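What follows is a single structure, written as structure tokens, with notes after it.
Whatever order the structure lists them in is the order used to number ligands and atoms, beginning at 1. Positions are given from 1, in the same order as the sequence printed here. Model, not experiment: these values are computed from the prediction.
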Amino acid sequence: MAQNSEKQAPEIVEVPFDTDQVVCDGGVGPLGHPQVWYTFDGKTEISCHYCGRKFVKT
Ligand SMILES: [Zn+2]
């Protein structure tokens, strides 16, 4: 696991496998951005275009 000292590597968010959509706002701080929805659309992972956060189905 990465040390929690710097926010360089994209955060990975695990979601239930039957999830169709996720919403990302980047959280608080410099990575925050307007709320945006992503649809998995058959894929198993999505990367947020704003903050790089990665949503992965588990
Ligand atoms: Zn984001």
Query raised in the report: Can T58 and E14 be counted as having a side-chain donor-acceptor contact under 3.5 angstrom?
Result: no
**Report entry** Protein-derived N, O or S atoms lying under 2.8 Å from the Zn ion (ligand 1), waters excluded
**Finding:** 4
Query raised in the report: In this structure, are over 12 heavy atoms from other groups packed under 6.0 Å from F40 atom CZ?
Result: yes
Requested in this report: Count the heavy atoms of every other residue, nucleotide or ligand shown that sit under 6.0 Å from NZ of K54, and state whether that count exceeds 12.
Outcome: no
**Report entry** Reference residue V15; test side-chain contact (heavy atoms from CB on, under 4.5 Å); the match among D20, V22, V56
**Finding:** V22
Report task. Considering only Ile, Leu, Val, Met, Phe, Trp and Tyr, and joining two whenever side-chain heavy atoms are under 4.5 Å apart, list the other residues clustered with F17. Result -> none
**Report entry** Side-chain donor or acceptor of Y50 paired with backbone N/O of C24 under 3.5 Å
**Finding:** no
